[in-house]
Amino acid sequence: MPGNKTDAIDVRNAVKRYGDFTALKRISLTIKDNEFFTLLGPSGCGKTTLLRMIAGFEDVTEGEILLYGDEIESLPPHLRPVNTVFQNYALFPHMTILDNVAFGLEMRGKTKAAARKRAGEMLELVQLSQFAARKPSQLSGGQQQRVALARALAPQPKVLLLDEPLSALDLKLRKAMQLELKHLQRETGITFIFVTHDQEEALTMSDRIAVMSAGKMQQLGSPTEIYERPRNMFVADFIGETNLLEVSVDEVRNGRAVCHLGGGHALTCNSVEGIGEGAKVHMSVRPERLFMSDVPVEAESLKGRVAENIFVGTDISTLVDLAEGPQFIVRTSNSDRGNKRIFEPGSEIFVNMELGAGRLLMD
Amino acid sequence: MAHVNENIKSYRGFRSITLLCLVVLYAPLVIVTIYSFNASQSITNWEGISLRWYADVFTGPESEKFKVAAFNSFTIAIIAATASTAIATLAATAMVRGGNFKLRTVSFGLISLPLMVPEIVTAVATLIFFNAIGFTRGYMTILVAHIAFCIPFAYLPISARMQGIEDSFEQAAMDLYATRRQAFTRILMPLMAPGIISGFLLAFIVSLDDFIITNFVKGAGVETLPTAIFGSVKQGIKPNIMAISTMLLSISIVMVTISYFVSKSDNTK
Amino acid sequence: MAAGAASGGSARADTYKDARGWLLLPSWAVLGIFVLGPVCMMLIYSFLTKEFRGGVIWEPSLAAYDQFFFDRGLFGDEPPTIEWTYITIFWRSIWQAGAATLLSLLIGFPTAYFIATRPEHVRPVWVFLITIPYWVNLLIRTVSMKFLLRDQGPLNDFLIGTGLIDNPIHIVNTNFAVQLGLFYSYLPFMVLPVYAAVERYNFSLSEAAADLYASKWTTLRRIVLPAVKPGVVAGCILVFVPSMGSFLAPDLLGGAKNFMIGSLIEEQFKGNAGNWPFGAAASMILLTMVLIILMFSARQQAKADKAGG
């Protein structure tokens, strides 16, 4: 089947096996042109394997990979017009910064002078011109990171692959680099495929995210979709903080599902296709979608007792024990303190949520 | 706190034993070096400093024998070290960059075979082998035997070095459009240089120093420095032997020292 | 997170996976033809008939092994009794090598321990100092040792000069001289593995022992030694094995009375007087002993690795 010339990467039924171990279990996904696409998942989920298969460092056991419509899965890495920013940067330690950036251009047949000229421009782009003559070991982690980026972008790849490039940086630098990467992607118009295990990083930067676990794709969607409408337990639990409740579905009617969660508590939420009456499933409720009051406010109100307040800077997390039911986490933003109340531990209160705040999950 | 910690680790007497150990190791070498400058005809009496025995090595009655032996020793050492380093570099590339394979353990066993088999057994076996295939013993048999048993000495520092170099450097090169050959010559080889140099130097010393195997496979009339020295020492230690020994041990120490500093210079950081 | 660990089972770099056959070919060829091949040839020779001017006659024979183990009288027609001559030489070699190993351990362990407890940046310098002499020609070292220990040598001169003794001590041509020579030849082989083991040892275990009222020597015996035992075993084997087959130290320092396997083998190939099949058989017996020891140690090492996780 010919590929679509306008899709940057098309992965079709990709399988990767190492002996008895299957690292990727039949993955299919399409990455659009000019997209900031993120592969997100815990370590060992297969995201790096998939990235390395696109780069050409790992053989594809089964399936195809197409780059702008051309099959590339059997090409060696040096014949694929994609470049990689490595996790540890992999800057050649025996070459200067300038020669590092010029390397790919030289290998593509540019003269040494032309390659160095273009490399100089790339260094200007990442504001490291003054370090051109230095060796990688003389640069800080953040600077090395930018050199790696300049080196990978210099030959103008069709797709840029980034393998957890920010994981070695400290928090502040990481935040700054997240924005810089996002801007760079917009300026260059090159498709970025970004691998990370940090869900916050993924939500901040991506146009679309593929959440992976145990060699399988769990959900593919925009950051909002993934966060607001997780498809299954794994995604709900992995992305952000959530209350995961074991519920059984009593009744499904008019797009609503009435569920009870033990101890006589009941909640209504939007029904999900494939989850019918009598099903025993999980419900996810984000803690920031809950608020407390001393009298029931919304239709969805659960009686409980405050166990503990935990101050976490911008928010306060409150642990609430429902009578003979599960424990809830309620998050109140400090900026919301005007209209939302915080109660002392031991207070008898109600936990309220709007209709539809809860989400039923598959598996 | 550091003081208390030090007490728990250290044992009385261990320092003295270490110093004793160094004295035992170095005393014979130092003494021979000193006596090589002895002006006396006898090796027992000290008659002041002189270079006469060094002059004797180069111009004395045995000088012709030593010159030929030195020529054999050094040419064999250079060729054997070069060949074994090249072979060991290829083998290390396969062993360290070749993934998992069934014959890995066997290959490693084969490479370290000269280290496991007692030297005298290797010597006997090599002699028998050349005899069986009807190869006349001489310069070539020494050379071939040296190439073979120098391989593990070259292999060990080279493979250790390659293990220390992450393969992401070569991957980055290939990702940047270098072919595998270009990645090898432009990236891996320069990073490997310290390991290859120290492998070469160790192989060189081992070849230069070998006595037992050479003694078995050399055949009549062909001598290297160690076999010439051994032949001479059999009739008693003479002062000119001490001079030649001092020169030879200085070469070894200089080369080991170079190898040490080269392998210490880490260009991957 | 490293890619290899993440993908499980592919931890080893495999850039040259497809070329490894070609890359290994030269080493396989050279070592196979010129080391492994000769050892096999030696095995065959040990079962051939001797040629009186050296070399062999291609007729299968057990004579070499028979001569090694059995005495059939001067004309070979008496009922066989056990031949003790060669077994005694082997036994002496084992004994001498064992004594040299013990000496190396007694001096080498404290040395290795001391070096391993130095500040990290000076440890390589100490290790380097210990290993330098090893790289000096073994022949030169042994000759130097002989020069030093001679009756009229500098050591005796020194001892007489200081008035400690009146007459020179005879060291050369004794068992002790051979042991000293072997110790001197192979000491670094003891120090290096023990050092590596002690360096990996977690000294908070010693602190915990001290905290639980163990004296320092008890801590050494009960805590440190068991932890570094694999290194000690490796060191002992590395000294014992080459000592057993050594030629130079017994030949130059031991004299005729202190004959060891190495000299026995060497004699069989010298000039025209030797017995090649017998020399090959003696070499095979030595090699078999060494391989048994190495296999035993490899098994011990594997066990220790497993126990250590």
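Numbers restart at 1 for each chain; the letters A, B, ... are given by sequence-line order, proteins then strands.
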Turns out that what part of Q182(B) lies under 4.5 Å from chain A's heavy atoms comes down to side chain
Distance col, row F103(A):CZ vs I187(B):CD1, nearest 0.5 angstrom, shows 4.0 Å
By residue number, those in residues 200-209 of chain B with heavy atoms under 4.5 Å from heavy atoms of chain A are none
Taken to the nearest 0.5 Å, the spacing of L176(B) CG from M107(A) CE works out to 9.0 Å
Next item on the list: Take atom CG of D170(A) as the centre, draw a 6.0 Å sphere, and report whether it contains more than 12 heavy atoms from other residues, nucleotides or ligands.
Entry: yes
Residue from Q171(B), R180(B), M174(B) scoring the most non-hydrogen pairs under 4.5 Å with chain A is Q171(B)
So, the part of A183(B) with a heavy atom under 4.5 Å from chain A: the answer is neither
Separation between OH (Y89(A)) and CZ (F169(B)), nearest 0.5 Å, reads 12.5 Å
task = Report the C-alpha separation of N83(A) and Y177(B) in whole Å, then their side-chain angles, then the decisive distance to 0.1 Å, and conclude whether the side-chain contact (heavy atoms from CB on, under 4.5 Å) test is met.
result = CA-CA 9 Å; N83(A) 290 141; Y177(B) 314 106; 3.3 Å; yes
Residues M95(A) and R186(B): closest non-hydrogen pair is CE-O, 4.1 Å
Taking atom CZ as the centre, does F108(B) end up with more than 12 heavy-atom neighbours from other residues, nucleotides or ligands that are less than 6.0 angstrom away?
no
Margin query: Just checking M140(B): does its CE atom have more than 12 heavy atoms from other residues, nucleotides or ligands closer to it than 6.0 angstrom?
Written below: no
dist Q87(A):CD -> E166(B):CD (nearest 0.5 Å) comes out at 9.5 Å
Without placing hydrogens or testing angles, list every side-chain donor-acceptor pair under 3.5 Å for residues 66-76 of chain B, not counting sequence neighbours.
{"residue": "N72(B)", "atom": "ND2", "partner": "E223(B)", "partner atom": "O", "Å": "2.9"}
{"residue": "S73(B)", "atom": "OG", "partner": "L225(B)", "partner atom": "N", "Å": "2.9"}
{"residue": "T75(B)", "atom": "OG1", "partner": "F71(B)", "partner atom": "O", "Å": "2.8"}
{"residue": "T75(B)", "atom": "OG1", "partner": "N72(B)", "partner atom": "O", "Å": "3.2"}
{"residue": "T75(B)", "atom": "OG1", "partner": "Y139(B)", "partner atom": "OH", "Å": "2.6"}

Q. Would one find more than 12 heavy atoms of other residues, nucleotides or ligands at under 6.0 Å from atom NZ of K182(A)?
A. yes
Applying a strict 4.5 Å limit to non-hydrogen atoms, the region of L79(A) in contact with chain B is neither
Of all heavy-atom pairs linking A178(B) and H78(A), the shortest is O-CB, 3.0 Å
Tightest non-hydrogen contact, residues D175(B) and P77(A), listed as N-CB, 4.4 Å
